[in-house]
S.K.: 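To start, I am sharing the structure in question, which I have written as structure tokens.
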2 protein chains.
Amino acid sequence: MASQTEENYLKSLFNLANEAGEVNISELAQQMQVSMPTVNSMVKTLQKNGWLIYEKYKPVILTQEGKKEAALVIRKHRLTEMFLVNKMGFGWEEVHEIAEQIEHIHAPKFFERMDEMMGHPTVDPHGSPIPDKLGRIQEVNYLTLSQCKTGQLVVLAALTNSSTEFLEFLNSRELNLGKELKIQSKESYDQSMVVSFKDHASETLSEKVCDRLLVRVIG
Amino acid sequence: MASQTEENYLKSLFNLANEAGEVNISELAQQMQVSMPTVNSMVKTLQKNGWLIYEKYKPVILTQEGKKEAALVIRKHRLTEMFLVNKMGFGWEEVHEIAEQIEHIHAPKFFERMDEMMGHPTVDPHGSPIPDKLGRIQEVNYLTLSQCKTGQLVVLAALTNSSTEFLEFLNSRELNLGKELKIQSKESYDQSMVVSFKDHASETLSEKVCDRLLVRVIG
DNA sequence: GTATATTGTTAGAACTATCTAACAAAATTG
DNA sequence: CAATTTTGTTAGATAGTTCTAACAATATAC
């Protein structure tokens, strides 16, 4: 069974993996906020446990078991976030830190019960998919708002970043998941966009913000 | 801040403390399921942190800060047990192991929210008192069923032991907290007692069981 | 295509929580 | 009260997770 530390490395590896499924030691060190020698010794441990493939001076690659282990931790994290928001009344900006701890609890019944109580949600409060019990993730490919064209009607579906500051920014503009936005215009100079809401006035959103908003086009 | 291990030692110390507040190294070693040298080195660490007083060859004594730290962990444990039973539908025999892990979560808001959602409960599902936010425990002195006399009417209020096996035994006899029992007779040979329920037939309870049932006399 | 910068590795140390073996103090018992 | 048992301590080792310093390999740049 993976230790808490190992679970955290697996999660980071899973999130950092590129198309080839490769992760560099330095990337991982930065993500985990530890030194490279620490990562070096930890990847050797993770390899012994069969969770990844490591060869000197090569990027590491998660094995199928490693991916599954990681996805199951992510499942616990996202179920917890959803439970905190839907059943305990927390805001989407408050749940990450708590879920970061609860994801390491070893109690299948606890997470299954959460799942049942919520009617088997497929996404977390930030729109990220919740892996199933076998660690399978249903990938959905949204567009970033930046990629959309003037005149399109879109629904805010997920985020590419869920930092507290960004979530608080979205709260201040009442930008919730499910919100419908119409793209009024795009400024070619700085890529900022003007969007209007169904009910009230329009907003100008910077490129940085538009890159972080994932949407479904509905018209 | 106490590590998970330190929190577990503090909890055990709190539970083992006698009237004088003293705990022997060997007792603690047995309770924690570790060797005496391990306890010896840990009590030195706990002393450095100001949670107990230790002198060579003397029993250890928790300080006020140590007691508070312990009580706050116990608070998190008991709030969690109550939440699992009242809000998540678990049986009282299923919650100990899960709470044993969740008690180490550092997220005041999480436990405060549980507390609010349940309307500030004063006892856990096994009748044990929940310490308040300052670590104060409201002690209630119940009698064991063994101490009661024939003819008395009592309410089952708490347990002196909450092992899964005992809780499952109580489930099988529908002996829940709040149940009213009338003491029909006590067998002087083996101290077993015959009790009757308000609604249905009577039961014979062994001395072992009677010692573990805490009651309030109501008539 | 060598020089430099970046990335990765090894060696050795520290800290936490644990152990066993050996020894010492305190408590119990005849 | 001396002998024995129980309890507690010290020393030294191990495993996990981290570090810094020094060095080595790979990648980048002129």
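Proteins come first, then strands; the chains are lettered A, B, ... in the order of their sequence lines, and each starts at number 1.
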S.K.: Can you measure A:E7 atom CD to D:dT17 atom P for me and round it to whole angstrom units?
M.R.: 11 Å
S.K.: CZ of A:R216 to CG of A:L156: how many Å apart, nearest 0.5 Å?
M.R.: 10.0 Å
S.K.: Starting from C1' on D:dT7, measure out to CD on B:Q30 and report it in whole angstrom.
M.R.: 13 Å
S.K.: Side chain to side chain donor-acceptor pair (under 3.5 Å), that's the test. Do A:N8 and A:H104 meet it? Break it down for me.
M.R.: CA-CA 9 Å; A:N8 285 331; A:H104 301 298; 3.0 Å; yes
S.K.: Between A:L28 (CG) and D:dT17 (P), how many Å, whole number?
M.R.: 14 Å
S.K.: Does one side chain, of A:T144 or A:D211, offer a donor that lies under 3.5 Å from an acceptor on the other?
M.R.: no
S.K.: Is there a donor-acceptor contact under 3.5 Å linking the side chains of B:D124 and B:W92?
M.R.: no
S.K.: Checking B:N40 against B:K44: is there a side-chain donor and acceptor pair closer than 3.5 Å?
M.R.: yes
S.K.: With side chains defined as the heavy atoms from C-beta onward, is the minimum distance between B:R212 and B:F166 less than 4.5 Å?
M.R.: yes
S.K.: Scan A:T160, A:L143, A:L170 and name whichever one has a side-chain contact (heavy atoms from CB on, under 4.5 Å) with A:L213.
M.R.: A:L170
S.K.: Within the 4.0 Å limit for protein heavy atoms, which parts of nucleotides 10-21 of chain C are touched? Write it as a string from 5' to 3', B for base, S for sugar-phosphate only, - for none.
M.R.: B------SBBBB
S.K.: Would you mind reading off the distance between A:H104 atom NE2 and D:dT17 atom P, rounded to a whole angstrom?
M.R.: 12 Å
S.K.: Between atom CD in B:E27 and atom P in D:dT7, what is the gap in whole Å?
M.R.: 10 Å
S.K.: Going by the salt bridge (charged side-chain N to carboxylate O under 4.0 Å, His left out) test, name the single residue among A:K11, A:R78, A:K76 that passes it with A:E103.
M.R.: A:K11
S.K.: In whole angstrom, give the distance that lies between atom CD of B:E55 and atom P of C:dA26.
M.R.: 12 Å
S.K.: Could you tell me how far apart B:Y57 (OH) and C:dA25 (P) are, to the nearest whole angstrom?
M.R.: 5 Å
S.K.: Can you check the A:E22 CD to C:dG8 C1' distance for me, whole Å?
M.R.: 15 Å
S.K.: Using a cut-off of under 3.5 Å, enumerate the N/O to N/O pairs linking the protein to nucleotides 4-6 of chain D.
M.R.:
none

S.K.: List, one per line, each side-chain donor-acceptor pair under 3.5 Å for residues 22-34 of chain B, sequence neighbours excluded.
M.R.:
from  : atom 1 : to    : atom 2 : distance (Å)
B:E27 : OE1    : B:N24 : N      : 2.8
B:Q33 : NE2    : B:Q30 : O      : 3.1

